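So that the names make sense, note that chain A is the first sequence line, chain B the second, and so on, each numbered from 1. For the numbers below, each heavy atom of this structure counts, side chains included, while hydrogens, waters and symmetry mates do not. This is a predicted model, so every value here is computed, not measured.
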2 protein chains.
Amino acid sequence: MARRSDHAPEELKRLALEAGRAIVMEEGLRGLTVRRVAERIGYAPGTLYNLFANLDDLIVQLNAATLDALAVVLVEAARAELAARPERLVEAYFDFVESRPRLWSLLFEHRLPEGEDLPDWYRPKLAALLGLVAEALGPLMPDQTREARQAATVTMWAGLHGISTLAVTSKLTLVAETEPRALGHLLVRRMLGGEN
Amino acid sequence: MARRSDHAPEELKRLALEAGRAIVMEEGLRGLTVRRVAERIGYAPGTLYNLFANLDDLIVQLNAATLDALAVVLVEAARAELAARPERLVEAYFDFVESRPRLWSLLFEHRLPEGEDLPDWYRPKLAALLGLVAEALGPLMPDQTREARQAATVTMWAGLHGISTLAVTSKLTLVAETEPRALGHLLVRRMLGGEN
DNA sequence: TAGAGAATTGAACACCGTTCAATTAATGCG
DNA sequence: CGCATTAATTGAACGGTGTTCAATTCTCTA
């Protein structure tokens, strides 16, 4: 078990992900290259292939960390009293997106090569995130079946994603004078059966 | 005005876009390269730079054509009698996405470099598409202000986009057993103030 | 037919992801 | 303590990428 310096493999991986994160935050996906990550941590490009299968793998792990961070802020928002939860969750979601737009963009901008799909450990992460929201908002849809509540939650989730994506890529300001955040609130209110 | 063969500049541009379209339909954004497009139309790579500013420009024009095609099918769906329009529009949208998933994906997968924004002629195209939907569904929201109707329309638009994106990248099957299409109907029903 | 001028080429440049034989350095052992 | 083992690390190499631009080819006009 020899190593160049005092970086254990796990530590090195953490460093590489942190470097990748910094690059994405500064320049987005287009600036993220194997060589740049390697340079930033003071290693040769080849070394990264001991830690990750390839660049796609690194990106997927970067995205997993972003999902974890999102989960943290959503859990916090879900602590609010029942009536306030929808608004708090929407606020937390948009705060997150606006505070790290490029990192959040990476979540959806990056696509695995044709035919490859996300690793098995990714699925539970996503499911947990959705489950968290579903559980927080479930009591607000009492007269619905479990399936209906799940469908409503997923629709809200996808809807917020859609609004944010269009906003971040400025394809929304092209057609809407309303703030994305307000659209998010509107969406959730209506999906929960609100009257206005 | 000398040319290698019988292709006028406009014709050549059309050919290049058609070649790009074919590549994207077969392999998605990852397969679309300047060299491949050039090879497909029997020209040298350099020639494409007489037709387009760069690859991004070619992709934007490809996307514009996709938007036009989407407009055509939505216009057709909007012809339905008022009560049937929401369902017809959702069906038309998903039919479009499912019939050309990779072409539709390109619409949102591609991002211009940091700081560059979409050309001026792109904005009206998007606005027209949204306007079309807003006009078709406006009568179903009679007790709303113009701004509220616009906001609801944009939210539906973004929501359908979100649902489709997650579905195409199979990040939806990970968490939802419901068909994306059904989620789209649910979204539109609720946004229009439907009770179920 | 000669010249002008536009379209087209393709080599060159600087990058990219990825591989892998060679090198380096730390460890366990005698 | 010194040496052999073994693992981490390197960096050159390969085939690709977008893009540029001097040189070439071709067509039209005079």
Worksheet item: Residues two or more places apart in sequence or in another chain: which of them pass side-chain contact (heavy atoms from CB on, under 4.5 Å) with Pro45(B)?
Response: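 Pro45(B) satisfies side-chain contact (heavy atoms from CB on, under 4.5 Å) with Val34(B), Arg35(B), Ala38(B) once adjacent residues are dropped.
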
Worksheet item: Can you list every salt bridge (Lys or Arg N to Asp or Glu O under 4.0 Å) pair that touches residues 47-62 of chain B, not counting sequence neighbours?
Response: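 Sorted result for residues 47-62 of chain B: Arg30(A)-Asp56(B).
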
Measure from [atom1] on [X] to [atom2] on [N] and round the result to the nearest Å.
X	N	atom1	atom2	result
His110(B)	dG18(D)	NE2	C1'	12 Å
Tyr43(A)	dA8(D)	OH	C1'	9 Å
Glu11(A)	dA8(D)	CD	C1'	16 Å
Lys13(B)	dT8(C)	NZ	P	14 Å
Leu58(A)	dT18(C)	CG	C1'	14 Å
Glu39(B)	dG16(D)	CD	P	11 Å

Side-chain polar contacts of residues 79-88 of chain A - donor-acceptor pairs under 3.5 angstrom, sequence neighbours left out - could you list them?
from	atom 1	to	atom 2	distance (Å)
Arg85(A)	NE	Ala78(A)	O	3.1
Arg85(A)	NE	Ala80(A)	O	2.8
Arg85(A)	NH1	Ala136(A)	O	2.9

Going by atom type alone, with no hydrogens or angles, which donor-acceptor pairs under 3.5 Å involve a side-chain atom of residues 62-75 of chain B and a protein atom two or more places apart or on another chain?
from	atom 1	to	atom 2	distance (Å)
Asn63(B)	OD1	Leu107(B)	N	3.4
Asn63(B)	ND2	Leu106(B)	O	3.4
Thr66(B)	OG1	Leu62(B)	O	3.2
Asp68(B)	OD1	Lys125(B)	NZ	3.1
Asp68(B)	OD2	Lys125(B)	NZ	3.1

Discussion item. For the backbone of Arg149(A) and the side chain of Thr153(A), can you confirm whether one donor and one acceptor N or O come within less than 3.5 Å of each other?
Written reply: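 The answer is yes, because a donor-acceptor pair under 3.5 Å joins these two groups.
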
Fill in: salt bridge (Lys or Arg N to Asp or Glu O under 4.0 Å) against Asp95(A), all qualifying residues, sequence neighbours excluded
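Scan of Asp95(A) (salt bridge (Lys or Arg N to Asp or Glu O under 4.0 Å), adjacent residues dropped) gives Arg181(A).
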
Tabulate atom names and distances for all N/O pairs under 3.5 angstrom spanning the protein and nucleotides 13-16 of chain C.
from	atom 1	to	atom 2	distance (Å)
dC16(C)	OP1	Thr33(A)	OG1	3.3

Worksheet entry | Residue-level proximity of residues 45-54 of chain B to DNA chain C when a heavy atom falls under 4.0 Å |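 Close to the strand are Gly46(B), Thr47(B), Asn50(B).
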
Worksheet item: Which pairs with one or both residues in residues 15-29 of chain B pass side-chain hydrogen bond (donor to acceptor under 3.5 Å, both in side chains), sequence neighbours excluded?
Response: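 Every side-chain hydrogen bond (donor to acceptor under 3.5 Å, both in side chains) pair that includes a residue of residues 15-29 of chain B, provided the two are not neighbours, is Glu26(B)-Arg40(B), Glu27(B)-Arg36(B).
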
Worksheet item: Can you list the residues that meet the ring-ring contact (aromatic ring centres under 6.0 Å, His included) rule with Phe108(B), with sequence neighbours excluded?
Response: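 Expected list: Trp104(B), His161(B).
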
